[in-house]
Amino acid sequence: METMVRPANGFLSALSPDDYDLIRPYLRTVDLPHDAVLVEAGETLKLAYFLHRGVISLVVKLAKGEHVQVAMIGRDSLLGTLSTMGDACALNTAVVLVPGKASVMELDRLRSAADQSSSLRSLLTRHGLAVYAQVQQTAGCNAAHPVESRLSRCLLHTHDLSGESRLLLTQEAMAQMIGARRNSVSLVANTLQQANFIHYSRGHIQLMNLDGLRQTACECYATVKAQYDRLLGPR
């Protein structure tokens, strides 16, 4: 009988006892400090990160120096799903957006465990598809929806992934999250604050009215949430 309490991570919680036993001996806990770069685009990802708390931002760096977020990973998933199924070369840069903790293990060991278990491979595939769905929706959202709706979406998503209502997010970080200019983010953050949806001061955001943010957010928030529920919900 399994007696050890598993770390508070959605992927680890969803594993069968046999699959968890395949990877449990290799897990260790690490802190994730704010702004830590876990891997740069083009580097080999060596560790899989199963978040207990915090949020990782997946960022694309453009030629002129712009940084644009394409997805976020939180306590419901892991960093490293796609690398277990193919090339371990990182397609984007992974940065800690919200500090926290994670269980980590060598990616080679996770890949080896997946080779031994079809159910583990299936779960990794579903988590990879969930991240891909988020990337796809984010691209469409940033191209078509107003800044206010995009910022509301990202704030709600960050809250869902981290479980935190108090967030440390600078204007630069928010601009990166939604692919907008800092002055646009400043204007929109002020609008949301005047509506009492958030309180924003010197990079600290308190989410005051989640229902208000949901009404302001575009449909992409609900779409991504539905995709995650479909792919990662109970089986």
Side-chain angles (χ1 to χ4, degrees), residues 32-38 40-41 51 53-75 79 91-100 131 133-225 227-228:
L32 298 177
H34 183 248
D35 277 345
V37 178
L38 305 181
E40 292 275 6
L51 279 74
R53 302 196 313 272
V55 177
I56 295 171
S57 174
L58 302 183
V59 178
V60 170
K61 296 183 178 180
L62 304 179
K64 293 185 178 181
E66 305 98 327
H67 293 182
V68 180
Q69 177 179 280
V70 294
M72 292 187 284
I73 295 172
R75 56 186 177 164
L79 174 66
L91 298 178
N92 37 54
T93 298
V95 183
V96 177
L97 181 68
V98 177
V131 174
Q134 187 189 159
V135 171
Q136 184 173 256
Q137 196 73 32
T138 298
C141 183
N142 287 349
H145 292 147
V147 173
E148 185 175 13
S149 298
R150 282 147 55 192
L151 182 58
S152 296
R153 167 184 61 83
C154 280
L155 292 177
L156 286 168
H157 196 194
T158 305
H159 169 267
D160 291 347
L161 294 177
S162 67
E164 301 288 340
S165 293
R166 294 178 181 270
L167 305 172
L168 179 63
L169 293 174
T170 63
Q171 288 185 11
E172 181 178 0
M174 288 189 286
Q176 177 176 297
M177 289 170 73
I178 63 174
R181 297 185 181 277
R182 288 180 59 182
N183 59 346
S184 298
V185 169
S186 178
L187 291 171
V188 167
N190 186 56
T191 299
L192 294 177
Q193 180 160 257
Q194 288 179 345
N196 292 320
F197 293 169
I198 66 171
H199 177 72
Y200 179 67
S201 177
R202 296 182 180 181
H204 292 80
I205 295 181
Q206 172 74 44
L207 305 185
M208 309 292 292
N209 186 338
L210 295 179
D211 286 338
L213 288 173
R214 290 187 189 101
Q215 292 173 13
T216 306
C218 54
E219 76 267 19
C220 296
Y221 170 68
T223 299
V224 169
K225 187 171 176 54
Q227 291 279 34
Y228 266 62

Peer 1: What's the shortest heavy-atom distance between A94 and I56, and which atoms?
Peer 2: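 Between these two residues, the closest heavy atoms are CB-CG2, 3.9 Å.
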Peer 1: Counting C-beta onward and ignoring hydrogens, is there a side-chain heavy-atom pair between K225 and L156 closer than 4.5 Å?
Peer 2: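 With C-beta onward as the side chain, the pair stays apart.
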Peer 1: Do you know the tightest heavy-atom contact between V96 and V98?
Peer 2: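 Reported closest heavy-atom pair: CG1-O, 3.4 Å.
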Peer 1: What is the distance from atom CD of E164 to atom CD of Q206, rounded to the nearest 0.5 Å?
Peer 2: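 Rounded to the nearest 0.5 Å, the CD-CD separation comes out at 10.0 Å.
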Peer 1: Taking all non-hydrogen atoms of both residues, which atom of G179 and which atom of V68 are closest, and how far apart?
Peer 2: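 Scanning both residues completely, I find the closest heavy atoms to be CA-CG1, 4.2 Å.
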Peer 1: For atom CZ of R214, decide whether the heavy atoms of other residues, nucleotides or ligands shown that lie under 6.0 angstrom number more than 12.
Peer 2: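 Atom CZ in R214 is packed in, count exceeds 12.
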Peer 1: Could you state the interatomic distance from OG1 (T170) to CD1 (I205), rounded to the nearest 0.5 Å?
Peer 2: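 Here the interatomic distance stands at 9.0 Å.
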Peer 1: Got a donor-acceptor contact below 3.5 angstrom from the S149 side chain to the T216 backbone?
Peer 2: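 Yes: the side chain of S149 pairs with the backbone of T216.
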Peer 1: How many angstroms lie between atom OG of S57 and atom CE of M177, to the nearest 0.5 angstrom?
Peer 2: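 Here the interatomic distance stands at 7.5 Å.
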Peer 1: Under 4.5 Å between any side-chain heavy atoms of V188 and R150, yes or no?
Peer 2: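 In short, these two side chains do not touch, never coming nearer than 4.5 Å.
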Peer 1: Can you name the nearest heavy-atom pair linking L51 to I73, along with the distance?
Peer 2: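 Taking every non-hydrogen atom into account, CD2-O, 3.7 Å.
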Peer 1: Can you find a heavy atom in the side chain of H159 that is under 4.5 Å from one in the side chain of S165?
Peer 2: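 Sidechains of S165 and H159: in contact.
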Peer 1: So V55 and M72, side-chain contact (heavy atoms from CB on, under 4.5 Å) or not? Walk me through it.
Peer 2: CA-CA 7 Å; V55 177; M72 292 187 284; 3.9 Å; yes
Peer 1: Tell me, do L213 and N209 make a side-chain contact under 4.5 Å, heavy atoms counted?
Peer 2: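 Side chain of L213 against side chain of N209, heavy atoms only: no contact under 4.5 Å found.
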Peer 1: For Y200, does its backbone N or O pair with a side-chain atom of Q193 as donor and acceptor, under 3.5 Å?
Peer 2: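 Side chain of Q193 to backbone of Y200: a pair is present.
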Peer 1: Counting C-beta onward and ignoring hydrogens, is there a side-chain heavy-atom pair between H67 and E172 closer than 4.5 Å?
Peer 2: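 When only atoms from C-beta onward are counted, E172 and H67 do not touch, as no gap falls below 4.5 Å.
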Peer 1: Is the shortest side-chain heavy-atom distance between H204 and L168 below 4.5 Å?
Peer 2: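 Contact flag for H204/L168 side chains = yes.
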Peer 1: Could you measure the distance from the CG atom of L155 to the CG atom of L192? Nearest 0.5 Å is fine.
Peer 2: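 Separation between the atoms: 7.0 Å.
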Peer 1: Using the rule given for side-chain contact (heavy atoms from CB on, under 4.5 Å), can you reason through V224 versus R153, listing the C-alpha separation, both sets of side-chain angles and the distance that settles it, and then say yes or no?
Peer 2: CA-CA 10 Å; V224 169; R153 167 184 61 83; 6.0 Å; no
Peer 1: Working to the nearest 0.5 angstrom, can you tell me the gap between I178 CD1 and E148 CD?
Peer 2: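 One finds 10.5 Å between CD1 of I178 and CD of E148.
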Peer 1: I'd like to know if K61 and E40 make a salt bridge, using a cut-off of under 4.0 Å between side-chain N and carboxylate O.
Peer 2: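 Answer for the salt bridge query: yes.
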Peer 1: Identify the residue among L38, T93, V95, L79 that makes a side chain to side chain contact (heavy atoms under 4.5 Å, CB included) with L58.
Peer 2: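 The residue from L38, T93, V95, L79 that satisfies side chain to side chain contact (heavy atoms under 4.5 Å, CB included) with L58 turns out to be L79.
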Peer 1: For H157 and Y221, which heavy atoms make the closest approach, and how far apart are they?
Peer 2: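 Taking every non-hydrogen atom into account, N-CE1, 4.0 Å.
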Peer 1: Would T223 and Y228 count as a side-chain contact (heavy atoms from CB on, under 4.5 Å) if you check the C-alpha gap in whole Å, the side-chain angles of each, and the deciding distance to 0.1 Å?
Peer 2: CA-CA 9 Å; T223 299; Y228 266 62; over 6 Å; no
Peer 1: Do you know the tightest heavy-atom contact between L169 and A173?
Peer 2: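 Looking at all heavy atoms of both residues, the closest pair is CD2-CB, 4.4 Å.
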Peer 1: From C220 SG over to Q134 CD, what is the distance, rounded to the nearest 0.5 angstrom?
Peer 2: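 If I round to the nearest 0.5 Å, the distance is 11.0 Å.
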Peer 1: Report yes or no: does S186 contribute a side-chain atom to a donor-acceptor pair with the main-chain N or O of R182 at less than 3.5 Å?
Peer 2: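 Flag not set: sc S186 to bb R182 has no pair under 3.5 Å.
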Peer 1: With a 4.5 Å limit on heavy-atom distance, are the side chains of F197 and Q215 in contact?
Peer 2: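 The answer is no; the side chains never approach within 4.5 Å.
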